[in-house]
Amino acid sequence: MLNLVLFGPPGAGKGTQSQNLIEKYGLIHLSTGDLLRSEIAQGTTLGLEAKKLMDEGLLVPDEVVIGMISNKLDTNPDAKGFIFDGFPRTVAQATALDNLLQSKATAISGMIALEVNDAELESRLLLRGKDSGRPDDANPEVIRKRIREYNEKTAPVADFYKGQAKFTSINGIGSIDEIFTAISAVVDKY
Ligand code: B4P
């Protein structure tokens, strides 16, 4: 199986590049952000709890997102592989993902990290916020809190995969096509 972790701060282009990867490699896309927004849209208890945290720019508890990913792995037993987009976002989530995949006799092939500076992230997210309807994209203070949350809790996940020699960094500034060409060159080696 080809199992990719697409990594980077909020607004780095993970969701955008995932769409290209799905088309080219036929992988199943698992975005914890999308799964949470779907729970919110359905008005579930989980969604209502998650919404409070997401609107403030905070991470949702590890056990909630790990449970969602576990369910999705179970409902796709014949997948050629998965793109993990926005997950794992903490070292606890990374450890849980390794254990889940090991129980299915597979593993992460590699992590691809998109590098984008804070000023560019903020301007991309504010631009998206104008028409996405996402409350977490509309407010500069919430965006800065999401970036702080990333630096404190999520950035260490890169070291987890560096320790397994599975980490590759890519410049996330440039056209979407240029960045996808650079990502594809890495994926083709796996
Ligand atoms: P996510 O849905 O994962 O959202 P994101 O990080 O903001 O978006 P992404 O990085 O995919 O956006 P993209 O760059 O593609 O998370 C939202 C919230 O959910 C989190 O804050 C958290 O509360 C919660 N959550 C999710 N997963 C969790 C987890 N595992 N644990 C705990 N909590 C979790 O796009 C951004 C914009 O940039 C777009 O408008 C796009 O068009 C643009 N763009 C992309 N590439 C570009 C380029 N090359 N040039 C110019 N613009 C570009």
Side-chain angles (χ1 to χ4, degrees), residues 1-38 54 57 59-60 65 68-69 72-73 76 79-90 93-94 97-98 100-101 106-134 136-137 143 146-147 149-151 153-162 164-190:
M1 283 173 84
L2 178 60
N3 295 310
L4 305 174
V5 174
L6 207 50
F7 189 71
K14 304 180 296 284
T16 305
Q17 296 297 340
S18 290
Q19 293 311 316
N20 291 331
L21 286 164
I22 296 162
E23 278 176 34
K24 182 161 181 184
Y25 298 98
L27 304 172
I28 305 265
H29 181 213
L30 295 184
S31 157
T32 38
D34 287 352
L35 292 171
L36 290 166
R37 280 185 289 276
S38 154
M54 290 168 75
L59 293 182
V60 171
V65 285
M68 288 191 325
I69 288 286
K72 286 287 165 185
L73 291 178
N76 290 284
K80 280 166 55 183
F82 295 91
I83 302 168
F84 296 95
D85 162 10
F87 179 92
R89 255 177 160 97
T90 63
Q93 292 179 20
L97 180 59
D98 266 7
L100 278 172
L101 293 177
T106 184
I108 290 298
S109 313
M111 164 187 268
I112 298 174
L114 297 170
E115 307 287 347
V116 178
N117 63 60
D118 289 0
E120 171 74 10
L121 297 173
E122 203 173 319
S123 88
R124 283 185 191 179
L125 293 175
L126 281 173
L127 189 66
R128 183 171 66 182
K130 285 187 184 157
D131 48 26
S132 70
R134 275 180 59 171
D136 60 343
D137 283 346
I143 290 174
R146 285 160 67 194
I147 295 172
E149 191 84 334
Y150 171 83
N151 287 328
K153 296 180 183 161
T154 306
V157 176
D159 292 331
F160 181 91
Y161 289 98
K162 281 178 193 165
Q164 298 183 0
K166 290 180 177 175
F167 177 88
T168 307
S169 164
I170 288 202
N171 179 9
I173 296 191
S175 77
I176 289 168
D177 286 348
E178 278 166 358
I179 297 164
F180 185 59
T181 302
I183 294 176
S184 295
V186 176
V187 175
D188 288 341
K189 288 191 198 139
Y190 293 140

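Model, not experiment: these values are computed from the prediction.
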Suppose we screen for side-chain contact (heavy atoms from CB on, under 4.5 Å). Which residues come up paired with [X], at least two apart in sequence or across chains?
| X | value |
| --- | --- |
| D137 | L125, R128, S132, R134, R146 |
| A79 | I28, N76, F82 |
| L27 | L2, L4, Y25, I83 |
| N151 | I147 |

Passes side chain to side chain contact (heavy atoms under 4.5 Å, CB included), L30 versus L73? Steps please. CA-CA 9 Å; L30 295 184; L73 291 178; 4.1 Å; yes

Which atoms form the tightest heavy-atom contact between [X] and [Y], and what is the distance?
| X | Y | result |
| --- | --- | --- |
| Q17 | I176 | NE2-O, 3.2 Å |
| A94 | P88 | N-CB, 3.3 Å |
| I143 | D136 | CG1-O, 3.6 Å |
| A113 | F167 | CB-CE1, 3.7 Å |
| D34 | R37 | OD1-NH2, 2.9 Å |
| V157 | T90 | CG2-C, 3.3 Å |

Checking [X] now: which residues fulfil salt bridge (charged side-chain N to carboxylate O under 4.0 Å, His left out) with it, not counting sequence neighbours?
| X | value |
| --- | --- |
| E120 | R124 |
| K153 | E149 |
| K162 | D159 |

Please name the residue in the list L6, T32, I69 that meets the side-chain contact (heavy atoms from CB on, under 4.5 Å) test with F84. I69

Answer yes or no: is there a side-chain heavy-atom contact under 4.5 Å between V65 and L59? no

Could you work out, with side chain to side chain donor-acceptor pair (under 3.5 Å) as the rule, every residue matching T106, not counting sequence neighbours? N3

Applying side chain to side chain donor-acceptor pair (under 3.5 Å) to E115 and not counting sequence neighbours gives S169

Could you please spell out the steps behind the side chain to side chain contact (heavy atoms under 4.5 Å, CB included) verdict for I173 and N117? CA-CA 9 Å; I173 296 191; N117 63 60; 3.6 Å; yes

Those residues that, when tested against F87, pass ring-ring contact (aromatic ring centres under 6.0 Å, His included) (two or more places apart): none

Applying ring-ring contact (aromatic ring centres under 6.0 Å, His included), name anything that partners Y161, two or more places apart in sequence or on another chain. none

Evaluate I179 against N20 for side chain to side chain contact (heavy atoms under 4.5 Å, CB included), listing each step before the verdict. CA-CA 11 Å; I179 297 164; N20 291 331; over 6 Å; no

Look up atom [atom1] in [X] and atom [atom2] in [Y], then write down how far apart they are to the nearest 0.5 Å.
| X | Y | atom1 | atom2 | result |
| --- | --- | --- | --- | --- |
| M68 | L35 | CE | CG | 4.5 Å |
| I108 | L97 | CD1 | CG | 4.5 Å |
| S109 | K189 | OG | NZ | 14.5 Å |
| L114 | F7 | CG | CZ | 10.0 Å |

Donor-acceptor check, side chain of K14 to backbone of P9, threshold 3.5 angstrom: yes or no? yes

How would you list all residue pairs meeting salt bridge (charged side-chain N to carboxylate O under 4.0 Å, His left out) that involve residues 18-32, not counting sequence neighbours? none

Test T168 against Y190 for side chain to side chain contact (heavy atoms under 4.5 Å, CB included), laying out the working first. CA-CA 12 Å; T168 307; Y190 293 140; 3.9 Å; yes

